[in-house]
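Computed from a predicted structure; not experimentally measured.
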Amino acid sequence: MATSPYPALIALIALALPVDERAVPFACPAATAIPREMAIGTRYAEGDKSYSQIDPAAEAREQVVRQPISAPVSRIARLADQWRAATEADKPAIAACLQSHFLTQANSQAMMGATSQYDAFYREWMISSLAISYLKARPGLVLLKDTDAVQAWIRTSGEQIAEVNTQRLVSGTNDNHLYWGGVAVMASGLAAENVRLIETARQIRAAGLSVVATDGTLASELKRRALSFHYHLFAATALSAMIALDPEPIEASQREAMTRVASLISHEATQLKDGLLAQRTGIPQMAEDHPHQFYLIRPWVRDTAQLDLLTAGIARSYQFLGGDLDWLLSRLSNLPPLHGEE
């Protein structure tokens, strides 16, 4: 494999800066290749058809299996966020570093060997993060050498994920896994400027929002028993992310559906023992252990006081969505009003 030119380029950029701007030089962390093969398994108890009972031993095993994938993804997200926050003088060095990390993944064909459904699920989350990280720093990356190779890997990853999720749509599957596949396809399509991928993601989003019931529930997530609240939130987070990523506005009917499911989640967050989801599933709901997802729900809720309490002191960051959420949330800040709203 050819030696990457980026470490030398980064050093030259640093030396070209004025002395006062080199007082604390940027240090590019070493890039680690994400494996091509994945071997992801389930965290749930054997025989649990509702996928609502976590097996502690399986969860511990999966942490070990997933770490070689998640660690480089998190590192790339931090570099993209660092690029966004950097001064104009520092941006070129950080962009070159970030590009070297993306090129490492492209050269290693990261996650291209996904075979099982668990591989597919985890790959969708990780590609969502990676493609969003790319979008965050895209202005600093597109003119660099090897951009074509990086975008080709992102595009191919998106195409493979789109194929899996098109099959899910055809089979009638309509659940949180489909929606997270849509996030990966949408982000990959935007990063690679691929209209076909973007349109596929829009079809997935439309399918997801079309099944939001009048009370805000999602039939597939009601099957998750004690984790029904968690998976309603997980599904809605993906739907909201697809809307945030899309440069085109959504139809009023889709916004109304998104508002219904978000309002349900906001209400149910404090009604876990006897709320609607507890009644519909016949079992109290477990408290949410990833409250940062509430940030993606907040723009769709009129009264945000409860969500603000739930997220007090919680970092506005989520690995599956590229780290810091401010860039994504800013794209939801100017939603047009619904009919009847002022």
Side-chain angles (χ1 to χ4, degrees), residues 42-60 62-63 118 121-122 124-125 173-183 208-243 256-321 325:
T42 183
R43 300 176 302 128
Y44 294 102
E46 185 176 355
D48 176 22
K49 296 187 182 300
S50 67
Y51 297 100
S52 61
Q53 301 175 40
I54 299 292
D55 178 347
E59 185 171 40
E62 284 304 304
Q63 287 179 350
Y118 299 115
F121 297 157
Y122 199 70
E124 288 162 2
W125 303 330
T173 299
N174 198 321
D175 60 10
N176 72 84
H177 293 300
L178 177 71
Y179 315 153
W180 278 99
V183 177
L209 290 169
S210 72
V211 298
V212 177
T214 55
D215 61 7
T217 56
L218 294 162
S220 291
E221 312 315 328
L222 285 172
K223 298 175 183 177
R224 305 304 287 268
R225 294 181 55 74
L227 288 177
S228 180
F229 174 77
H230 166 81
Y231 280 107
H232 271 79
L233 175 58
F234 194 50
T237 297
L239 291 168
S240 182
M242 276 191 280
I243 295 169
E256 289 164 357
M258 188 69 231
T259 299
R260 289 199 303 276
V261 67
S263 298
L264 169 75
I265 291 165
S266 178
H267 177 267
E268 292 294 296
T270 57
Q271 308 291 327
L272 297 174
K273 292 185 178 180
D274 53 8
L276 177 63
L277 293 178
Q279 295 172 24
R280 294 286 297 275
T281 61
I283 188 171
Q285 296 299 294
M286 294 180 64
E288 179 53 43
D289 57 357
H290 295 93
H292 38 254
Q293 293 180 82
F294 288 127
Y295 288 119
L296 271 294
I297 303 305
R298 188 181 186 279
W300 305 97
V301 178
R302 289 185 181 183
D303 184 356
T304 63
Q306 184 59 49
L307 292 181
D308 291 341
L309 286 174
L310 291 170
T311 54
I314 302 298
R316 293 161 65 93
S317 181
Y318 189 24
Q319 186 198 35
F320 291 4
L321 294 175
L325 292 171

ask   = So, H292 side chain and A315 main chain: donor-acceptor pair closer than 3.5 Å or not?
value = no
Gap separating the CG atom of L307 from the CD1 atom of I265, nearest 0.5 angstrom = 9.0 Å
message = Quick one, R260 and L264 - any side-chain contact, counting heavy atoms below 4.5 Å?
response = no
inquiry  = Parallel, tilted or perpendicular, judged at 30° and 60°: which one describes the rings of Y231 and Y44?
reply    = tilted
query = How about Y179 and T237: do any of their side-chain heavy atoms sit closer than 4.5 Å?
reply = no
query = Which salt bridge (charged side-chain N to carboxylate O under 4.0 Å, His left out) pairs, counting each pair once, include a residue from residues 217-236, with sequence neighbours left out?
reply = none
ask   = Are any non-hydrogen side-chain atoms of E288 and Q293 less than 4.5 angstrom apart?
value = yes
key: Any V183 side-chain heavy atom under 4.5 Å of E124 side chain   = no
ask   = So, Q285 side chain and F229 main chain: donor-acceptor pair closer than 3.5 Å or not?
value = yes
inquiry  = Suppose the criterion is salt bridge (charged side-chain N to carboxylate O under 4.0 Å, His left out): which pairs have a residue in residues 304-316, not counting sequence neighbours?
reply    = R298-D308, R316-D326
Enumerate, atom names and distances included, each donor-acceptor pair closer than 3.5 Å involving a side-chain atom of residues 270-280, sequence neighbours excluded.
residue: T270; atom: OG1; partner: H267; partner atom: O; Å: 3.4
residue: Q279; atom: NE2; partner: D274; partner atom: O; Å: 3.1
residue: R280; atom: NH1; partner: D215; partner atom: OD2; Å: 2.9

message = Does the plane of the ring in F320 sit parallel, tilted or perpendicular to the ring in Y122? Use 30° and 60° as the thresholds.
response = perpendicular
